[in-house]
There are 2 protein chains.
Amino acid sequence: MIEGMKNNITSIDVARLAQVSQSAVSRTFTPGASVAEATRAKVLEAALRLNYRPNAHARSLITGKSRIIGLVLSYLENLFYPAALQRLSERLQKDGYHVLLFINQTSNADDLVTEILQYHVDGIILAATTLSSDLARSCADANIPVVLFNRVMGNSGSNNLQSVSSVRSDNLAGGKEIANFLVKSGHKRIAYIAGNEESSTNLERERGFREGLADHGAHIWGRATGNYEFAQARLATLELFKPGHEHPDAIFVASDHMAFSVMDTLRYELGLRIPEDVSVVGFDNVPQAEWGAYELTTFNQPLDEMVEATASLLQERLSDQEKSAGKSIVIAGNLIVRKSVKIILEKIDQKVLVKPKLKPKVKT
Amino acid sequence: MIEGMKNNITSIDVARLAQVSQSAVSRTFTPGASVAEATRAKVLEAALRLNYRPNAHARSLITGKSRIIGLVLSYLENLFYPAALQRLSERLQKDGYHVLLFINQTSNADDLVTEILQYHVDGIILAATTLSSDLARSCADANIPVVLFNRVMGNSGSNNLQSVSSVRSDNLAGGKEIANFLVKSGHKRIAYIAGNEESSTNLERERGFREGLADHGAHIWGRATGNYEFAQARLATLELFKPGHEHPDAIFVASDHMAFSVMDTLRYELGLRIPEDVSVVGFDNVPQAEWGAYELTTFNQPLDEMVEATASLLQERLSDQEKSAGKSIVIAGNLIVRKSVKIILEKIDQKVLVKPKLKPKVKT
DNA sequence: CTGAAAGCGCTAACAC
DNA sequence: GTGTTAGCGCTTTCAG
């Protein structure tokens, strides 16, 4: 039997076995430190024999860096977040960072801050739908870089928050493009199902949508709120489709996750066909959006680019505290057209659009 | 302006301000330590003024406990895992633990171990589909409690692995119950779409399924493998429904996640109706299973109980290293009947079932 | 109940 | 390139 006892091998043990000083061991495990190849080899061999790994806590105590990033999330049922989580974690791991996870459904901001700060994380990524501003401020006060993922700072406590950075997709342009698409494809009674009313994502998407509609002299025909949750989106749909009233011919739903709920409600509770009776557009482009059951037309948030931007931003902030503080990165998205929107061609030519000059295609 | 400088307040600073010793500060922040109420109050006030929080790394260095649990996951697109992650994290947080996340798609076992072990986590939860045995052994060697979530140890390296605990639902019984249900509801050509062939979940589910079928003198009519992935499940379906051949009248799919893919393929590529033309049963009971588009009959893995069991097990192991080492907890699940299975009543009486004595219901 | 002193495992200066 | 020394911030004996 190999001795299975407490495996508390320290750098001193390794040093002893390798017949070098403790510092030599340390340097061997510090990328970029200067050790002779021979020394390094001796250390490595001893370390291997003893099954030694440096103690990250001791290291972080002296260096002041933990190589841990705190990641705050709240609602994982919307696949956008697991997907982001996975990519973020992998990207950070590549840089030698690890993710300490905080799921924040119930707990309040103050407790969370206390917990996060104890671990002296090097940075924080906030992807929680709520409570951004409180938490963000506390962290900024504690002088640790915070980057908001998929949201921006509210205007509630905008005192010393210039330091908080953010990465998000172009929600405004997205809302606009969707409005444009819906009008051009001939829809007349266009409704909006909102996400969380206070969230920056919802605010921006709705504003863009309104502006896009206005560009065509149109406006939101009906509106209900789903608060980014599945069950509430169903209720919102029912509200918009009260029996005996005229109903929307298109709905822009503020997230794919809610859009699925809306589509299910439309089809299986209200007996409506998509897109023949109602068109539906989502936002996010989560994996499910292309599933056969939905084929949802939606605005793609380019996750990889958002993750990359987040990681780089964090990196910058980590190396130079002041430099990119408060930087706000907006990633362009793009409309993904699938089958959940009806294209009413005849209407396009007759009413909505300025008649385009028909360029006859010449075959070569 | 408040001074936004490096906020490195230590217990010494607090001690000084509160006019007590450093130990007094420490004791104030150590649950269950003996401090006079007056001292405690002074310390707390000073701490508040200075915005002090104990440094978790320093603490863990001396106590030997990090209050961090390493959680290893691999495939978040299957909602079962985000859901588990969320509950696990919340449950652990309640006990004062935090989750250090390791997403393991690409990286190999050894690297992962090295990384995890550096943080001297107090325990590890392995919910990754692959690589269990390697990783589990390394950790067991390093003497840190490992609990397998939703899987058990393979028999590959069963040397000193008695120490690895596991929590899972009763996959065997689940497979059996599904077989029984499918046969009794009158299906004749019952197929199986497998998950990852090496995973314990797949092995157990399939074995239970076979046994259940055998109880009725039936057997698996067709089989293909989807490896727990969405795209592969589609391919598996296509394979099972080659044109020109007779096709299954029921499919048991080893996970809900794959079942959605199967249903989409059946409906939108093959033009078949569910359950009229084919019945589909899944496994897991993820949130999507009850969505209107699927209404999937499936075997429920009771997540909350599994999480609770995992947390308690970990707790036990943490307090008494030897006690519950190697304990394996199996949680009973239950079949959730929705609309994806056709009940062919006439067949039940005529062929499959031993004709039951009809107990006429007496109305009182 | 409280304080002084020692030390967890490591890295960063500093001399050599 | 290498070893010696000091000390990161905390908890924990041990006296008092």
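All values derive from a computational prediction rather than experimental measurement. Quick note on labels: first sequence line is chain A, next is B, and so on, each numbered from 1.
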Quiz prompt | Interatomic distance where CD belongs to Gln22(B) and P belongs to dC1(C) [whole Å] | solution = 20 Å
Self-check item: Distance test, side-chain N/O of Thr10(B) to OP1/OP2 of dG9(D), below 4.0 Å
Solution: no
Quiz item: Does Tyr52(B) put a side-chain nitrogen or oxygen below 4.0 Å from OP1 or OP2 of dC10(D)?
Solution: yes
Quiz item: Is there a donor and acceptor pair, one atom on the side chain of Arg40(A) and one on the base of dG1(D), closer than 3.5 Å?
Solution: no
Quiz item: Between the main-chain N or O of His120(B) and the side-chain N or O of Ser66(B), is there a donor-acceptor pair closer than 3.5 Å?
Solution: yes
Quiz prompt | Nearest-nucleotide 5' precedence on DNA chain D, His57(B) against Arg27(B) | solution = His57(B)
Exercise. Please report, rounded to the nearest Å, how far the P atom of dT12(D) is from the CD1 atom of Ile62(B).
Key: 7 Å
Practice problem: Would you kindly compare Glu37(B) and Thr30(A) by the position of their nearest DNA chain C nucleotide and give the one closer to the 5′ end? | Solution: Glu37(B)
Quiz item: Is the phosphate of dG1(D), meaning OP1 or OP2, less than 4.0 Å from a side-chain N or O of Thr39(A)?
Solution: no
Quiz prompt | Donor-acceptor pair present, Thr63(A) side chain and dA12(C) base, under 3.5 Å | solution = no
Quiz prompt | Atom-to-atom span, NZ of Lys65(B) to C1' of dG9(C) - whole angstrom | solution = 16 Å
Quiz item: Rounded to the nearest Å, what distance is computed from the CD atom of residue Gln118(A) to the C1' atom of nucleotide dC8(D)?
Solution: 17 Å
Exercise. Quickly work out the Asn8(B) CG to dG9(D) C1' distance and round it to whole Å.
Key: 10 Å
Quiz item: Under 4.0 Å between a Lys/Arg side-chain N and an Asp/Glu carboxylate O for Glu90(B) and Lys94(B)?
Solution: no
Quiz item: Among Val25(A), Val43(A), Asn8(A), which one satisfies side chain to side chain contact (heavy atoms under 4.5 Å, CB included) with Tyr52(A)?
Solution: Val25(A)
Quiz item: For the pair made of CZ in Phe29(A) and P in dT11(C), what is the distance, rounded to whole Å?
Solution: 10 Å
Quiz item: Ala36(B) has a side chain; which of dA13(C), dT2(C), dC10(C) sits nearest to it?
Solution: dT2(C)
Practice problem: For the pair Asp13(B) (side chain) and Thr10(B) (backbone), establish whether a donor and an acceptor sit closer than 3.5 Å, ignoring hydrogens and angles. | Solution: yes
Quiz item: Between Arg87(A) and Asp304(A), is there a salt bridge with N-O shorter than 4.0 Å?
Solution: yes
Practice problem: State whether Ser23(A) places a side-chain N or O below 4.0 Å from either non-bridging phosphate oxygen (OP1 or OP2) of dG3(D). | Solution: no
Exercise. Spell out yes or no: do the side chain of Arg53(A) and the base of dG9(C) have one donor N/O and one acceptor N/O closer than 3.5 Å?
Key: no
Quiz item: How is Val25(A) classified with respect to the nucleic acid when contacts are heavy atoms under 4.0 Å: base, sugar-phosphate, or nothing?
Solution: nothing
Quiz item: Is the distance from OP1 or OP2 of dT2(C) to the nearest side-chain N or O of Ser21(B) less than 4.0 Å?
Solution: no
